[in-house]
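Could you have a look at this structure, given as structure tokens, before my questions?
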Amino acid sequence: MKKLSELMGYRSSVRVIDATLRDGGLVNDFYFTDEFVTALYKTNIKAGVDYMEFGYKASREMFDENKFGKWKFCRDDDIRAIVGENDTDLKIAVMADVGRCDYKQDIISRCDSPIDLIRVATYLHTIPAAVDMIENAKNKGYEVSCNIMAISNAQESDLRIALDTLGQTPVDVFYIVDSFGSLYPEQIARIADAYMEFADKYNKKVGIHAHKDRKSTRLNSSH
């Protein structure tokens with residue numbers, strides 16, 4: 001009971017990221033009104049959320065701007081129109097997909113941007129490109145995390161190699177990502193052990209982004 005009580009209590013080491021705009025944008029092609037985004041921003045501040053993810057830094061060469069709302073691209077000026085100088089405790093995050101963003105051009109120096117955290121998203125086979133993105137963002141002054149997607153399809157040996165590679169980069173956080181909402185709690189526990197092993201080895205933090213498969217009755221976990 002004491003252990004359960006500790007889990008239910010407030011832990012200052014845990015950070016919460018609201019992914020409503022970025023994940024929700026996959027449903028409505030990122031067509032959120034400014035009124036909705038502003039209301040969500042203010043709500044996150046009141047709720048004490050640590051980070052708000054505004055969307056993607058997608059390539060405007062690869063994606064037609066006429067077919068998506070602005071949070072597919074997260075221009076710095078569009079974010080500033082919502083947050084101003086963001087004189088709050090809430091930090092701003094965006095996601096950058098390996099192979100789907102022009103990060104060298106579109107991710108500017110942190111000192112000139114309202115963004116605090118760059119969340120690099122990668123598959124196992126694109127880890128080398130993710131390493132370059134991580135180093136680029138870190139050199140520009142950002143906090144950086146890395147989401148390894150589709151790990152439910154991965155061999156454990158390949159995942160361990162990826163974690164060891166990422167551990168040698170300046171990334172701040174490894175993310176466990178259940179892309180398809182298909183992992184059972186026992187699998188998550190085993191995967192978490194591997195992530196923690198390399199996090200401890202390289203002094204990194206571990207995060208989780210999970211889904212519940214809509215076609216399934218089992219509950220994996222929540223954000």
Side-chain angles (χ1 to χ4, degrees), residues 13-19 21-23 50-63 71-76 79 91-179 191-192 194-210 223:
S13 62
V14 176
R15 297 289 180 266
V16 177
I17 294 180
D18 170 62
L21 294 184
R22 200 271 309 165
D23 230 351
D50 298 290
Y51 295 82
M52 177 175 167
E53 189 176 41
F54 270 68
Y56 285 97
K57 274 284 188 183
S59 169
R60 295 190 293 277
E61 295 294 324
M62 296 179 64
F63 297 95
W71 306 114
K72 176 76 171 179
F73 308 98
C74 282
R75 288 186 177 88
D76 293 72
I79 296 175
K91 293 186 177 183
I92 306 302
V94 297
M95 180 166 279
D97 262 344
V98 170
R100 297 178 181 175
C101 64
D102 302 316
Y103 63 95
K104 292 182 180 179
Q105 171 185 316
D106 291 339
I107 298 177
I108 63 175
S109 175
R110 168 66 188 88
C111 64
D112 297 319
S113 173
I115 298 166
D116 300 286
L117 169 65
I118 302 296
R119 300 200 337 131
V120 175
T122 182
Y123 293 99
L124 284 175
H125 69 278
T126 57
I127 287 291
V131 168
D132 189 61
M133 289 178 63
I134 290 166
E135 292 176 345
N136 182 272
K138 200 66 179 179
N139 287 339
K140 290 175 178 174
Y142 293 94
E143 297 177 48
V144 187
S145 65
C146 185
N147 288 22
I148 307 176
M149 299 181 290
I151 58 173
S152 57
N153 294 336
Q155 296 291 327
E156 186 173 341
S157 57
D158 292 336
L159 182 59
R160 292 178 65 84
I161 290 170
L163 290 170
D164 195 45
T165 300
L166 291 174
Q168 297 173 61
T169 74
V171 75
D172 298 293
V173 186
F174 303 140
Y175 260 85
I176 301 169
V177 183
D178 185 8
S179 300
I191 291 167
Y195 274 69
M196 290 303 300
E197 176 187 337
F198 288 97
D200 289 342
K201 179 179 179 180
Y202 292 108
N203 193 30
K204 309 296 184 182
K205 296 177 181 178
V206 173
I208 183 168
H209 182 99
H223 298 306

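Predicted, not measured: the structure shown is a model, and the values here were computed from it. Along the sequence shown, residues are numbered consecutively beginning with 1.
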Exercise. Please answer whether the main-chain N or O of Cys74 pairs with a side-chain N or O of Lys57 as donor and acceptor at a distance below 3.5 Å.
Key: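 A pair under 3.5 Å: yes.
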Quiz item: Between Lys140 and Ile107, is there a donor-acceptor pair closer than 3.5 Å when you use the side chain of the first and the backbone of the second?
Solution: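 It does hold such a pair.
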Practice problem: State whether a side-chain donor-acceptor pair under 3.5 Å links Tyr51 with Arg15. | Solution: no
Quiz item: Taking the six-membered ring of Phe174, is NZ or CZ of Lys205 closer than 6.0 Å to its centre and within 45° of its axis?
Solution: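 No, Lys205 does not sit over the ring of Phe174.
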Quiz item: Hey, mind stepping through Val94 and Tyr56 against side chain to side chain contact (heavy atoms under 4.5 Å, CB included) and telling me if it holds?
Solution: CA-CA 6 Å; Val94 297; Tyr56 285 97; over 6 Å; no
Practice problem: Answer whether the closest heavy-atom distance between the side chains of Arg22 and Phe54 falls below 4.5 Å. | Solution: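 No - every pair of side-chain heavy atoms lies 4.5 Å or more apart.
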Exercise. Give a yes or no answer on whether the side chain of Asp116 reaches the backbone of Ile92 with a donor-acceptor pair at less than 3.5 Å.
Key: yes
Quiz prompt | Leu21 and Met52: CA distance, side-chain angles, deciding distance, side chain to side chain contact (heavy atoms under 4.5 Å, CB included) verdict | solution = CA-CA 9 Å; Leu21 294 184; Met52 177 175 167; 3.7 Å; yes
Quiz item: If you measure from OG on Ser109 to OH on Tyr142, what distance do you get to the nearest 0.5 Å?
Solution: 6.5 Å
Quiz item: Taking Ser59 for the side chain and Met62 for the main chain, is one N or O donor matched with an acceptor at less than 3.5 Å?
Solution: yes
Quiz item: Which is it for Lys91 and Glu143 under the salt bridge (charged side-chain N to carboxylate O under 4.0 Å, His left out) test, yes or no, and what are the steps along the way?
Solution: CA-CA 10 Å; Lys91 293 186 177 183; Glu143 297 177 48; 2.8 Å; yes
Quiz item: When rounded to the nearest 0.5 angstrom, what distance separates CG in Leu166 from OH in Tyr175?
Solution: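 Leu166 atom CG to Tyr175 atom OH measures 14.5 Å (nearest 0.5 Å).
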Quiz item: Does the Asp172 side chain pair with the main chain of Val144, one donor and one acceptor, at a distance under 3.5 Å?
Solution: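 Between the backbone of Val144 and the side chain of Asp172 there is a qualifying donor-acceptor contact (under 3.5 Å).
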Self-check item: Heavy-atom closest contact (Asp76 atom, Asp106 atom, distance)
Solution: OD1-O, 4.2 Å
Quiz item: Taking it one step at a time, do Asp23 and His209 satisfy side chain to side chain contact (heavy atoms under 4.5 Å, CB included)?
Solution: CA-CA 11 Å; Asp23 230 351; His209 182 99; 2.9 Å; yes
Practice problem: Could you tell me the separation between the CD1 atom of Ile118 and the OG atom of Ser145, rounded to the nearest 0.5 Å? | Solution: 9.0 Å
Quiz item: Looking only at heavy atoms, which two atoms of Leu124 and Ala162 are closest? And how far apart?
Solution: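 What the structure gives for the nearest pair is CD2-CB, 3.4 Å.
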Quiz item: So how far is it from Glu156 CD to Ile151 CD1, rounded to the nearest 0.5 Å?
Solution: 10.5 Å
Practice problem: Given side chain to side chain contact (heavy atoms under 4.5 Å, CB included), test Gln105 with Tyr103 step by step and report yes or no. | Solution: CA-CA 5 Å; Gln105 171 185 316; Tyr103 63 95; over 6 Å; no
Quiz item: What pair of heavy atoms forms the shortest contact from Val16 to Asp50, and how long is it?
Solution: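 Looking at all heavy atoms of both residues, the shortest contact is N-OD2, 2.8 Å.
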Quiz prompt | Within-4.5 Å side-chain heavy-atom neighbours: Ile148 and Val177 | solution = no
Quiz prompt | Pro170 to Lys204 - nearest heavy-atom pair and separation | solution = C-NZ, 3.8 Å
Quiz item: Hey, is the main chain of Ile161 close enough, under 3.5 Å, to the side chain of Thr165 for a donor-acceptor pair?
Solution: yes
Practice problem: Check whether any side-chain heavy atom of Tyr195 lies under 4.5 Å from a side-chain heavy atom of Ile208, and answer yes or no. | Solution: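 Sidechains of Ile208 and Tyr195: no contact.
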Quiz prompt | Nearest atoms (heavy-atom pairs only) where Val206 meets Val173 | solution = C-CG1, 4.0 Å
Practice problem: Considering non-hydrogen atoms only, spot the tightest contact between Pro114 and Ile79 and give its length. | Solution: CG-CG2, 3.8 Å
Self-check item: Within-4.5 Å side-chain heavy-atom neighbours: Arg60 and Phe73
Solution: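 Contact flag for Arg60/Phe73 side chains = yes.
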Quiz item: Between the side chains of His125 and Asp158, is a donor N or O closer than 3.5 angstrom to an acceptor N or O?
Solution: no
Quiz item: Arg110 side chain to Ser113 main-chain N or O, any donor-acceptor pair under 3.5 Å?
Solution: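 Looks like yes, one N/O pair under 3.5 Å.
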Self-check item: CZ-CD1 distance between Arg119 and Ile17, expressed to the nearest 0.5 angstrom
Solution: 4.5 Å
Practice problem: Drop me the distance from Thr126's OG1 to Met133's CE, to the nearest 0.5 angstrom. | Solution: 9.0 Å
Quiz prompt | Contact check, side chains of Val120 and Val98, non-hydrogen atoms, under 4.5 Å | solution =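 With C-beta onward as the side chain, the pair touches.
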Quiz item: Is it true that a side-chain atom of Asn136 and a backbone atom of Asp132 form a donor plus acceptor pair closer than 3.5 Å?
Solution: no
